[in-house]
Amino acid sequence: MTKVLSAVAWPYANGPRHIGHVAGFGVPSDVYSRYMRMAGHDVLMVSGTDEHGTPIVIMAEKAGKTPQEFADENASIIVDDLVGLGLSYDLFTRTTTANHYDVVQKLFLALYENGYMVEQTTSGAISPSTGRTLPDRYIEGTCPICKYPEARGDQCDNCGNQLDPTDLIDPKSKINGETPEFIETQHFFLDLPALADALAAWLDGREAEGSWRPNVIKFSQNILKEIRPRAMTRDIDWGIPVPLDGWRDLPTKRLYVWFDAVVGYLSASIEWARRLGEPDKWREWWNADVARQLVDQTAAASEASTGDATSAARSGAQKTSEVLRDDRDEGAIISKYFMGKDNITFHSQIWPAELLGANGEGSKGGSVSEFGRLELPSEVVSSEFMTMEGKQFSTSRGHVIYVKDVVERYGPDPLRYFICAAGPEAQDADFTWAEFVQRNNSELVAGWGNLVNRTANMIHKNFGEIPSPGELEDVDRAVLEQVRGGFATVGSLIERNRLKAALTETMRLVGEANRYVTVTEPFKLKGDDQRERLATVLHTLAQCVVDLNTMMAPFVPFSANLVHEVMGGEGEFMPMPVAKEVTDLDDGRPYRIITGEYSNTPCWQPRDITPGTPVAKPKPAFKKFDPSVVDEELERMNASA
């Protein structure tokens with residue numbers, strides 16, 4: 001059983017999530033994680049709210065709250081957003097936990113002791129009117145390299161180069177438009193040049209493997225050309241203290257929010273294991289030697305076993321997966337990081353550099369930290385940007401649609417389906433209400449929903465239960481063969497994060513099943529002498545629906561549970577996440593997390609139906625939207641602008 005780490009970008013705790021956010025990090029990571037569980041892998045899906053940094057301080061002040069109060073409020077809202085969308089986290093936590101502080105400080109010290117954190121004097125930007133430090137991202141100006149007029153003080157989104165605020169031409173504060181003052185200040189820098197060769201070797205290996213999206217690997221290699229030390233501390237009083245004598249008690253020196261946020265993947269894994277009561281279990285997803293030893297033990301136990309049906313089924317399902325092919329052996333840790341393209345730098349350069357430094361694998365050498373040799377990302381899965389009705393999302397201008405509103409008005413699965421079918425997987429995409437309604441009505445409802453409903457209706461009306469088949473004809477065998485062949489094809493596409501192609505193929509198979517109805521015309525088989533043929537056709541259809549429901553399940557898990565019930569299934573087919581209030585493991589402070597029990601996830605394989613299973617008159621699993629929805633939503637959007 002391969003260990004799969006699904007490391008999902010940490011949403012910033014500045015307000016509720018809109019659909020552009022979850023199109024990048026949320027739905028793609030959940031579809032992948034759900035599939036990998038179904039294919040027999042041991043998945044750990046972690047994330048949480050990112051709660052430090054100057055933006056939180058500024059917004060909290062405007063709201064009349066402390067930064068902690070502001071973060072508390074928004075973290076809880078985000079938990080509800082993501083649970084409502086069915087994102088199956090093993091743990092969704094926060095960066096303000098005592099556990100996170102401890103892990104971040106320990107990793108900083110490991111880098112410092114190995115020589116990869118160096119102290120330097122640099123220029124810091126402050127607001128002339130308030131005296132407050134301005135974060136790099138809150139300073140805009142013209143890029144000195146490509147002359148893009150809206151470059152930020154940390155990065156130019158146009159050319160992708162890292163920048164400092166002092167590099168910008170005509171820098172201005174995004175808060176009030178004033179020109180910042182620059183003063184000398186002391187900070188710790190991550191010595192990226194000392195880690196550049198190791199980073200390049202790692203990226204070259206990933207390129208040779210050919211699994212990364214071309215734009216991500218090329219961008220990641222290009223930014224290595226301009227690599228330089230990067231500040232990992234900030235002049236701010238809201239964040240994690242620098243764990244060094246002489247720095248620890250300085251009231252306005254804290255670790256950079258982006259340093260601590262990416263460490264969250266590790267700290268969340270550790271918190272998950274601690275909450276499980278097995279404090280070292282996280283190592284199975286981070287230390288390859290631990291994972292490989294576990295696989296060897298499992299293999300030995302399996303050989304000694306007389307045969308467990310569930311294990312055999314999952315073993316069969318795993319054969320459809322390509323994840324262990326090529327040069328990967330059993331026991332390899334697969335770690336995939338999901339985000340939008342504006343965060344590639346932090347996941348293909350900063351975080352891997354921190355891991356390499358903690359492992360002592362840069363040009364300065366060093367010892368392996370107390371965390372053991374930490375595995376670098378297997379893949380950085382970056383989505384492009386999603387716009388809405390041709391414009392960028394803008395909360396301040398009211399050009400936004402929140403996840404909560406879509407889920408409450410239309411349910412989670414139509415949005416999940418749209419993101420998988422038309423989202424920003426490999427290029428920028430535009431969400432329009434017209435396309436949202438059209439895809440729901442013509443694809444989910446008229447295609448998949450129609451197949452489910454008429455199959456269940458005909459079975460209920462004619463037999464009341466799934467009938468036993470007679471002798472299969474060529475047309476029956478052909479459709480069954482096509483549908484069952486989809487497990488290998490669709491599964492391979494999902495594990496390579498080609499969700500659009502995977503869903504297209506699944507819906508093509510739905511179309512084949514609908515064509516089977518057209519060809520066999522079971523609604524015309526009414527005579528007593530045709531009853532066996534009717535039973536055979538409806539049995540074949542029921543088998544197709546059950547198998548297609550398994551294939552649809554990672555994309556639309558809520559509907560999969562309904563279809564499972566329609567076809568006579570019992571219990572929950574696809575396990576769902578839950579929001580839960582817990583207390584901090586170290587300081588007792590209460591907060592809300594997302595977690596779930598996913599051990600009953602169904603296998604990714606055909607599941608033979610059982611004749612005699614009762615099938616009641618079905619309730620529609622999908623709702624058709626009235627075309628007036630488009631005008632209503634556009635009017636609502638214009639009213640809030």
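Heavy-atom basis, side chains included; hydrogens, waters and symmetry copies ignored.
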Return the set of residues passing side chain to side chain donor-acceptor pair (under 3.5 Å) with [X] (not counting sequence neighbours), or none when no residue passes.
X	result
Trp351	Tyr337
Tyr89	none
His52	Tyr101, Asp260
Gln392	none

Step-by-step ring-ring contact (aromatic ring centres under 6.0 Å, His included) determination, Trp258 to Trp10: CA-CA 10 Å; Trp258 263 111; Trp10 290 57; over 10 Å; no
State whether a side-chain donor-acceptor pair under 3.5 Å links [X] with [Y].
X	Y	answer
Glu425	Ser383	no
Lys218	Asn215	no
Asp30	Ser88	yes

Any pair counted as ring-ring contact (aromatic ring centres under 6.0 Å, His included), so long as it reaches residues 207-227, sequence neighbours left out: Trp202-Trp212
Apply ring pair (Phe, Tyr, Trp, His ring centres under 6.0 Å) to [X] and list each qualifying residue two or more places apart in sequence or on a separate chain.
X	answer
Phe189	none
Tyr12	none
Phe431	Phe418, Trp433, Phe436

Closest non-hydrogen atom pair, [X] against [Y]:
X	Y	value
Arg213	Ser382	NH1-O, 2.8 Å
Arg274	Asn99	NH1-OD1, 3.2 Å
Val483	Met551	O-CE, 3.1 Å
Pro554	Val31	O-CG2, 3.4 Å
Asp413	Leu444	O-CD1, 4.3 Å

Is a side-chain donor or acceptor of [X] paired with a backbone partner of [Y] at a separation under 3.5 angstrom?
X	Y	value
Asn114	Gly357	yes
Asn561	Met574	yes
Lys336	Glu495	yes

Name all pairs fulfilling the salt bridge (Lys or Arg N to Asp or Glu O under 4.0 Å) condition that reach into [range], sequence neighbours left out, sorted by first residue then second.
range	answer
residues 189-205	Asp191-Lys364
residues 81-92	Arg37-Asp90
residues 337-352	Lys341-Glu384, Lys341-Asp428

Residue pairs, two or more places apart or on separate chains, that pass side-chain hydrogen bond (donor to acceptor under 3.5 Å, both in side chains) and touch residues 546-556: Arg484-Asp547, Gln543-Asp547
